Each structure stands twice: as C-alpha cells, then as structure tokens.
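Notes follow the structure.
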Protein chains: 2
Amino acid sequence: MGGLHLDVKYKVICEEIAKNIREGLYQDTKKLPTEEELIEQFEVSRNTIRKAIDLLTRKGLVIPIQGSGVFLRSVSMDGAINLEDFHGLTHGFGENHVTTKVNSFKLIEADEKLAQVMQCEKGTPVYFIERLRSVAGVPYVVEYSYYNRELIPYLSEEIVKGSIYKYIREELKKSIGFVDRVITAGILNEHDARELGLTPGEPSLISTNRAFLKSGVIFDYSIDIHNYKETKFLKLSNYL
Amino acid sequence: MGGLHLDVKYKVICEEIAKNIREGLYQDTKKLPTEEELIEQFEVSRNTIRKAIDLLTRKGLVIPIQGSGVFLRSVSMDGAINLEDFHGLTHGFGENHVTTKVNSFKLIEADEKLAQVMQCEKGTPVYFIERLRSVAGVPYVVEYSYYNRELIPYLSEEIVKGSIYKYIREELKKSIGFVDRVITAGILNEHDARELGLTPGEPSLISTNRAFLKSGVIFDYSIDIHNYKETKFLKLSNYL
DNA sequence: TATAATTTGTCCGTATGTATA
DNA sequence: TTATACATACGGACAAATTAT
C-alpha cells in the first residue's frame, strides 16, 4: 500500500485496525478502543498508537474527539475514489473488477512542453500509454500516461494491461513519495466519448497528475478523463 | 488555519514558517533549515518542530525527504482551491476579490431527505441560502447551503453576504472539525448556467459538502456548482 | 450544578534506525 | 566510510474537553 515499509510498527497497527474496521469489529460502539486499551493490546508506547490513529485519521477512516474517543467516520466510500488513500484503480476497486484495454503503448521522446511538466531534459525517452479502464464492465476512465524511462526502465504490454503502480511498487521496489493532482471538468471530445460510451459534448471529470518518487523526481505524468456518470472523488478533510 | 488555537506551539511555528515560505525566505536553498536549527530558532523540542513540519506537509507546502532535508513543494496554487487547506473562498482568494450575490435567504424546516443527509430530526429549522460568488468579477460558483439553526442560531443577510465560515469561527467562536466533500461533474441547468454566465448543457464541477463541528454534528450541508472554466481543485498528497 | 473520572491533546526528553550526501 | 538529516520508538508530565457521578 505505497508506504511498503510495513515492518514499521505504527503502519502495521494502522493496517490491523483498518482491517478490524472493515470487518465491523467496532460497529457496536462506533468507536475504537481507548488509547490505553490499544497500548495493552499491541504492547507498544502511546506515541506509536497515536501515530497509527493519526494515519487512520488522514485516510479518513476515523475522527478523534478530545475527551470522548476515536469515532468511526462512516462515509460510504463504495464506488468512490478516496483522494486520501488512492494507490491506483486496482487497489481501490479490486483486481478482478478492473479491466484494462491498451489503446496505445509506445516509446517517445519528450518534447519541450512535456519535458517541462515532467521536469526532465528535452529528448528524454518516455513511455506513452493510452488505456481505457473499466470497472465491473462499465467504462470508467481514459488514461493518457507518460512514464520517464530513465526512472522506470522497463514496461511491457503485459504490465501495462494490469496495474502499473503495483508493478513499480512490487517488482521495481520503488517507493512512490507524493502526487500532485489537479481536478477539473471538461467537455468530451469524440474519441474519449466513444471510448467511454458517452456522447461528444457531454461533461468529463478530469484529473491531471504528477507522481514523484520519494527522491523527489517525477516518474509519471498522466491525464485521466473520467466517466462523469460513474466517478466520484471523495475528500475527507480535518481542519488543520 | 481554522483550528484557531494558535496558542498551541506547533501551530504557531507552522504559521511562522508558512509565512517565511510565502515571503521567499528559503528560496535560495529551496528547503527549510534542519530540524536541529529550527529547534534552536524556536527554542522548542524536536517533537514540536516535527509536528509543525508535519502540518506544513499536510497543507502541501513542503515535502520531507529522509537524509536530505525538508524541501519546498513548489506548486502554483494561484487560482486553485487547495483541498488540503480550504477554509472558505474568501480565505483562499482574499476578501476583496470575492463578491457575493444573495439570491435566496430563508428559514425552512428539514424534510425527510434533508434531515437524513444532515443527520438531524425531521422538521429541524434550517437556514437555506443560495448565493452566487464571483472572484475578481468573474462568476465562480453557485452555492446552495443549508445551516442547522440549532447549531448556528443566528444568520443575517449581512453575514450571508460575506464569509459565513469566518463568522462562525470569529463571532460564534465555534471550531469546525472536519468536512466530507464529494466531487463530481454534471450538466448545467438553465438557472445555474445563467448565474455563471454559461450555457445550459455545458459541464459543471460540483462539490457536495458536509461540514462538522468538532463535536461531530453537521452544521452545514451545501452543494457548490462551480464554473468549470474557472475552477481547479488541487490535491497534494503524500503516500501513507 | 459542581466534581471527579475518563480520554484525547500538547510538550518535553532520549535513544536508535535509515536514507542521503 | 563518515557525517548529516529525517524516521521510528520509548518514556513521562500536564492540559483540555467530554462524560459520568
């Protein structure tokens, strides 16, 4: 799940509690055990428990209220993309439900404009991929992606058919550090409309993304044209 | 900043550093001083500095890289709504640039459907407000808002003309706890198109929001129909 | 209504690990 | 290899908000 270093205590505990939440373990009280109880349960310090809860909070699963407890944040996330906890479509919807049609897969050289947004040299070899991704058989998003080959040295039709992010994490063992996402609405052109089973001129929900490795370099630039009838972005924020 | 309890050390330090960033103090190195230096500068513990940096990271201003430093995250936020750090239009764009036209302002009773989304009793008195908000003279968003009068006991035409959130924070002295936001795209109807100076059938970028007080109750439910030609949502995420 | 108990929030200090330069 | 700089983890003390008595 992105962080990958699951050997870290607070992340393990976070995952464990998240699993408990999914399985409905806290449904009677609608809140987590107290910090004190979790400390005993996991045999770690208070700081570590608090870091785990902080992670759960940032993912939008719980909301701590001083003096009262850590409450489940019951929001229906089904069929929505949680912007706080997004690691690719397959991770969110399950590998079985997501099917991918590869419309284009080629190696190109970055022109001036692409080089600028990807913060690389002009002429850098870049994989260009166009994919139509469907969820449960329904066209969901047309993705236009660019991957810097100097950072992602090998991609194949096979990999591109599945989850590229999963490949980067699990095979290349590279850690994704952070992502910039700009969300807008636009008008479908003929090509994208046809792919999505919609009509040109209808709206689209667009996400333009730049993904960075932990070292701070951009390895992926992509433009996602979403089916506006199917896509919901979820943003669960806490006041800072 | 919303949290308001600026008497808390790490929030004060966060604001201080944010101000420094805005003023270009770290532009030469493009990174913050080391934790050690910040500890000396602010005369606090390492934990407190780290909490401040954590806040800055969550707001999307910096990105810490282990072994290297805390780097400025140079993303142009101009004209965009940063989903991580949003406390009302006026807060983001400046009070002078935002003008508000109140199209409707009345007290109603929550019907079954509204009561359900606002998690209140059917029949609860609720303020209904329709506003057109413009930025620098350009129509930006049509807002349909519902405020629970049992939580926000008084609203006037005057307040509604300005920033309601500011009023809640500064006059009512209530702390906003968290917000659920669902972002979708839709098709403009005749009314909203006219308000936004667009054409019916054109796209809209829609944000449907529920805002909670720290105690966990919903005080505001609103549907924002954004001018798709003007609005960009920004989501700067770190991998968790 | 007032008090005490419960529960999370802030802040301090220290030690050790890990990634980068 | 060494030094630097952030990450993880432990411990304790007190404050603040809520809940129960």
Side-chain angles (χ1 to χ4, degrees), chain A residues 2-14 17 26 29-57 62-73 173-178 212-217 238-240, chain B residues 3-14 17 26 29-57 62-72 173-178 212-217 238-240:
Chain A
L4 266 196
H5 287 119
L6 283 175
D7 45 315
V8 183
K9 283 191 190 179
Y10 75 88
K11 286 183 181 171
V12 178
I13 294 169
C14 168
I17 295 175
Y26 311 120
T29 55
K30 304 269 189 195
K31 54 173 167 169
L32 301 190
T34 66
E35 291 179 352
E36 207 55 53
E37 290 169 322
L38 291 171
I39 288 168
E40 288 180 23
Q41 198 178 127
F42 290 101
E43 295 179 298
V44 292
S45 72
R46 180 153 180 244
N47 276 334
T48 301
I49 290 296
R50 285 183 62 77
K51 282 205 78 173
I53 291 174
D54 193 54
L55 253 186
L56 291 165
T57 306
V62 300
I63 180 85
I65 297 188
Q66 184 173 358
S68 187
V70 180
F71 291 82
L72 302 192
R73 193 164 178 172
K173 308 237 181 261
K174 299 213 181 190
S175 293
I176 298 157
F178 49 106
F212 300 71
L213 296 179
K214 283 217 296 186
S215 57
V217 294
N238 312 298
Y239 264 45
L240 306 179
Chain B
L4 267 198
H5 288 120
L6 283 175
D7 46 314
V8 182
K9 283 192 190 178
Y10 74 90
K11 287 183 182 171
V12 178
I13 294 170
C14 168
I17 296 175
Y26 310 121
T29 56
K30 305 269 189 194
K31 56 172 164 170
L32 301 191
T34 65
E35 290 178 352
E36 207 54 54
E37 289 168 322
L38 291 170
I39 288 167
E40 288 180 24
Q41 199 179 124
F42 290 101
E43 296 178 295
V44 293
S45 72
R46 176 142 186 259
N47 277 335
T48 302
I49 290 297
R50 284 183 61 78
K51 282 206 79 172
I53 291 173
D54 192 55
L55 252 186
L56 290 165
T57 305
V62 301
I63 179 87
I65 297 189
Q66 183 173 359
S68 186
V70 180
F71 291 82
L72 303 191
K173 308 234 180 266
K174 299 213 179 187
S175 294
I176 298 158
F178 50 105
F212 300 72
L213 296 179
K214 284 215 298 185
S215 56
V217 293
N238 312 299
Y239 264 46
L240 306 179

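Keep in mind that this is a model prediction, so the values were computed, not measured. Sequence lines set the chain letters: A, B, ... in the order given, protein chains first and strands last, and positions in each chain run from 1.
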For B/V70 and for A/V44, find the nucleotide of DNA chain D with the closest heavy atom, then tell me which residue's nucleotide is more 5'. B/V70

Distance in angstrom units between A/L55 CG and D/dA7 P, rounded: 13 Å

Whole angstrom value for the distance that separates P of C/dA19 from CD1 of B/I65: 14 Å

OP1 or OP2 of D/dC10 sitting under 4.0 Å from any side-chain N/O of A/S45? yes

Rounded to the nearest Å, what distance is computed from the CD atom of residue A/E40 to the C1' atom of nucleotide D/dC10? 17 Å

Checking C/dG13, D/dG11, C/dT8 against the side chain of A/P64 (C-beta onward), the nearest is C/dT8

With both distances under 3.5 Å as the test, what is the Watson-Crick or G-U wobble partner of D/dT1? none

Answer yes or no: side-chain N or O of B/R46 and base N or O of D/dA7 forming a donor-acceptor pair under 3.5 Å. yes

Does B/Q66 contact D/dA7 through a side-chain donor or acceptor facing the base, at a distance under 3.5 Å? no

Expressed in angstrom and rounded to an integer, what is the separation of A/I63 atom CD1 from D/dA17 atom P? 16 Å

Phosphate OP1/OP2 of C/dC12: any B/T48 side-chain N/O under 4.0 Å: yes

Please tell me if the side chains of A/N47 and A/Y10 come closer than 4.5 Å, counting only heavy atoms from C-beta onward. no

May I ask you to verify if any side-chain N or O of A/R50 is less than 4.0 angstrom from the OP1 or OP2 atom of C/dG9? yes

Would you confirm whether B/E40, through its side chain, and B/E37, through its main-chain N or O, come within 3.5 Å as a donor-acceptor pair? no

Rounded to the nearest 0.5 angstrom, the OG-CD distance for A/S45 and A/E35 is 10.5 Å

Rounded to whole angstroms, how far apart are CG on A/D54 and C1' on C/dG9? 12 Å

Tell me whether A/Q41 at atom CD has more than 12 heavy atoms from other residues, nucleotides or ligands lying less than 6.0 Å away. yes

Send over the distance from A/E35 CD to D/dG11 C1', rounded to a whole Å. 15 Å

May I ask you to decide if A/P64's main-chain N or O and A/K31's side chain share a donor-acceptor pair within less than 3.5 Å? no

Grab the CD1-P distance between B/I49 and C/dT10 for me, whole Å please. 15 Å

Take B/G69 and A/F71, find for each the nucleotide of DNA chain D with the closest heavy atom, and name the residue whose nucleotide sits nearer the 5' end. B/G69

Quick one: is B/S68 getting a side-chain N or O under 4.0 Å of the C/dA21 phosphate, OP1 or OP2? yes

Is any side-chain N or O of B/K51 closer than 4.0 Å to OP1 or OP2 of C/dC11? no

Determine yes or no for a side-chain-to-main-chain donor-acceptor pair under 3.5 angstrom, with A/T57 supplying the side chain and A/I53 the backbone. yes

Under 4.0 Å between a side-chain N or O of A/K9 and OP1 or OP2 of D/dC10? yes

B/I53 atom CD1 is separated from D/dA5 atom C1', nearest whole Å, by 11 Å

With a 4.0 Å limit, can you tell me whether B/Y10 has a side-chain N or O closer than that to the phosphate oxygens OP1/OP2 of C/dC11? no

